[in-house]
Amino acid sequence: MASSPLLTKISHPFSSIYPTKFTPFYLATEQSFKFPSTLFNFVKHLSSNDNPTIFHNFNFDSFYANLIDNSSHKINLTQVHAKLLLLGIQQNGFLVSKLVNAAVNFGEISYARKVFDKFPDPDVFLWNAIIRGYSKYNLFASAVEMYSRMQVLWVSPDGYTLPHVLKACGGIPSFRMGQQVHGQIFRLGFEKDVFVQNGVVAFYAKCGKIASAKVVFDRLEIRNVVSWTSMISGYAQNGQPIEALRVFDEMRSTGVMPDWIALVSVIRAHTDVEDLEHGKSIHSCVIKMGLELEPDLLIALTAMYAKCGQVMVARSFFNLVKVPNLILWNAMISGYAKNGYAEEAVKLFRDMIAHNIKTDSITARSAVLACAQVGSFDLARWMDNYISKSEHKDDVFVNSALIDMFAKCGNVDMARMVFNRTLDKDVVVWSSMIVGYGLHACNHSGLVEDGWQLFHCMKDYGIEPRHQHYACLVDLLGRSGYLDQAYDFIMNMPIEPGVSVWGALLSACKIHRHVTLGEYAAERLFSLESYNTGHYVQLSNLYASARMWDRVAKIRVLMRDKGLSKDLGYSLIEINGKLEAFRVGDKSHPRSKEIFEELESLERRLKQAGFVLDRNSSLHDLNEEEMEETLCNHSERLAIAFGLISTAQGTALRITKNLRACINCHSATKLISKLVNREIIVRDANRFHHFKDGVCSCGDYW
DNA sequence: ATAGGGTTAG
């Protein structure tokens, strides 16, 4: 320390009088302030008992202020604080406020509070510092609490206090508290303070009172980019993205330049309306302003492209962000999951865990959703295991997603287990369980009764049934052949029956070939969703099952006129943890030759076992050869053949198909399960089929 | 010393 050239060793002017006591001391020069390490050595020196120091002509405030400004760590601050206490100058409000602010900037909020609490009589600066600290780190309740304590002590808020308090009120959100603050703002005369007024605008917007926000905004004489952004994001947050975009245009026409936060808000609005076209123009605006590497804009862009289905583009932005960020990863994972890239979503989720990035419940929900889409039971079990050990295990959203996942991955018992262990069962948890039973129920009377029972005891738990629950009951009744009861049930529903209810009735009518009731249900469906292909296909299938070919043809024409066509079918099978996809007659697989050999051998064995084609089901316009060709090439057959040649004897095969299983494949699969002595589980677009020993769990109703 | 933003699921 003595060797440092930045501190001048000074002999005390009275050293001749008090030679032992006051020599030497060190003077910090202007230049030494620029070198923090030197400064902190100096502080140590000052604190040491061996070197009592004289403070003649010593400017404490600027000296310690510089120390605080040059601090790089909490430990520096504690040194300064200790010194202030030692010197008995902890009442220096200026320095203590500076200390608290510095602590806040380091994220050391509880330390900031400790320093604050040692101060006997905080002035408005010190109150601002601590309230700012709580508000900055989203500890809104504490911020508001400190604000009330400040009021009790009759300290009047200033133009810096109020924006922080307003942020806290909007963050909770506490409309009442914020309104009181607004009243105070009025009484104290801050109506011209643009910082305070922007805070008021944002507060109302956060509370969903967008009209109040607009009133305040409209009264502003000066509007800066923050005022505009508060309104833009206010509309975006309150489900009015179109209005948000309009306000953005208005802002630009008044000549206010957007900054990066404004652009983030506008991108969010485009994300909400999934307007990629205009979103791209904002993207080019970002580039023009040279902001394309701003991490938060990259996050917003990732979210926009991901949600709009451009997952590859989104991923390229994702890759550019170097700092791990929860929101970024969530956006990418949910983008994948939403757009049918379930495996990528799961993979990214695993990467996230591998990278030790903290997940939140939104991450967990998206990941579970993705697992449900993949349909692999092993993966589902892995996911459940992960969740049950994580902090998300009691989240209702996560749990109902898990129930749904297990049901969709073929294990209704596991779904029930999750249901049982969910402590806080809300209406959707119940729905997921009932829907889960519905997926597997079919003709299985035990499960049908379980479903009924659940429906009835919902009310005991004070939960009002919603349309999904009615749909399930219609499904259960209709499937069991009680079509009239199902119809009566619908007519007596206390709520307007929707797509799910009519859809359930229509498919029940198809099973039992009840044409008139089915036509009625279809009519309702067409009026509710006139462009949903599924409804037309269902009705067409109903006609086909009743052999009313002329009407089948009519539907086909109707669909062609509306520009609707069927989805291309595919089947997935998981082998050794790897998913393989097959389309009709797919020869692209590397083991295609073996697959088709297996297929032929199966076909032979089926014929030997007396298998005959059902020629009635909507195939009337194909000739014999075409019919055979089409049927035994169906994607699930390829998946089964591949499964048989690549797994050990006796292994169950789990297959996922995007369309509904056709009647011929269904009966063929039943027989195959018996011939090869394998359990084959097929999840089609509607439900599960557990094929075993020549029968299917659906009892041939699906 | 201040204010405005992004992920949203069953």
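Just so it is clear, the values below take in all heavy atoms, side chains as well, and ignore hydrogens, waters and symmetry mates. In what follows, chains are A, B, ... by sequence order, proteins preceding strands, each numbered from 1. Not measured: the values here are computed from a predicted model.
- Stacking of the aromatic ring of F397(A) onto the base of dA9(B) is not found under the criterion of centres within 5.5 Å and planes under 30°.
- Across all strands shown, N399(A) has no heavy atoms under 4.0 Å from either base or sugar-phosphate atoms.
- Nucleic acid contact class of V104(A) (heavy atoms, under 4.0 Å, all strands): none.
- Of all nucleotides listed (dG4(B), dA3(B), dG6(B)), dA3(B) comes nearest to the side chain of H164(A).
- Counting any heavy atom pair closer than 4.0 Å across all strands shown, I299(A) reaches a base atom.
- Minimum atom distance to the side chain of F195(A) is reached by dT2(B), of the listed dT2(B), dG4(B), dA9(B).
- Atom CZ of F125(A) has 12 or fewer heavy atoms from other residues, nucleotides or ligands within 6.0 Å.
- For T229(A) and dG4(B), a side-chain-to-base donor-acceptor distance below 3.5 Å is present, hydrogens and geometry of angles not being considered.
- Note on A129(A): nothing from the nucleic acid sits closer than 4.0 angstrom, heavy atoms only.
- Within 6.0 Å of the CZ atom in F186(A), the count of heavy atoms belonging to other residues, nucleotides or ligands does not exceed 12.
- Counting only heavy atoms from C-beta on, P163(A) has its side chain closest to dT2(B) among dT2(B), dA1(B), dT8(B).
- Counted within 6.0 Å of CE on M289(A), heavy atoms from surrounding residues, nucleotides or ligands total more than 12; the atom is thus considered enclosed.
- Nearest nucleotide to the side chain of N325(A), out of dT7(B), dA3(B), dG6(B): dG6(B).
- In this structure, V201(A) reaches neither bases nor backbone, as no heavy-atom distance under 4.0 Å exists between it and the strands shown.
- Taking 4.0 angstrom as the limit, R132(A) places none of its side-chain polar atoms (N or O) nearer than this to OP1 or OP2 of dA3(B).
- The neighbour count for R252(A) CZ, taken as heavy atoms of other residues, nucleotides or ligands under 6.0 Å away, does not exceed 12.
- Between the side chain of N128(A) and the base of dA1(B), a donor-acceptor pair under 3.5 Å is found.
- Side-chain contact between L220(A) and N198(A): present, with at least one pair of heavy atoms (C-beta onward) separated by less than 4.5 Å.
- One N or O donor and one acceptor, one from the side chain of D296(A) and one from the base of dG5(B), sit under 3.5 Å apart.
- D395(A) comes within 4.0 angstrom of nothing in the nucleic acid, heavy atoms only.
- As judged by a 4.0 angstrom heavy-atom cut-off over every strand, K206(A) is placed among residues touching the sugar-phosphate backbone only.
- Among the atoms of the strands shown, base atoms are found under 4.0 Å from some heavy atom of G159(A).
- Nucleic acid contact for K307(A): none, since no nucleic acid atom lies under 4.0 Å from a heavy atom of the residue.
- Within the 4.0 angstrom heavy-atom criterion, no nucleotide atom of any strand lies near E294(A).
- Within 3.5 Å, no donor on the side chain of N224(A) pairs with an acceptor on the base of dG4(B), nor the reverse.
- Counting only heavy atoms from C-beta on, S230(A) has its side chain closest to dG4(B) among dA1(B), dG4(B), dA9(B).
- Atom CZ of F318(A) sits about 10.0 Å away from atom CD1 of I299(A), to the nearest 0.5 Å.
- Contact annotation for D404(A): backbone-only contact, meaning every heavy-atom pair under 4.0 Å involves sugar-phosphate atoms and none involves a base.
- Among the heavy atoms of the strands, none lies under 4.0 Å from S366(A).
- Candidate nucleotides dG10(B), dT7(B), dG4(B) were compared by shortest atom distance to the side chain of K167(A), and dG4(B) ranks first.
- Put simply, W260(A) does not rest on the base of dG5(B): the two rings are not both less than 5.5 Å apart at their centres and under 30° in tilt.
- Comparing dA9(B), dT7(B), dG6(B) against the side chain of A331(A) picks out dT7(B) as the nearest.
- Among dA1(B), dT7(B), dG4(B), the nucleotide with an atom closest to any side-chain atom of N330(A) is dT7(B).
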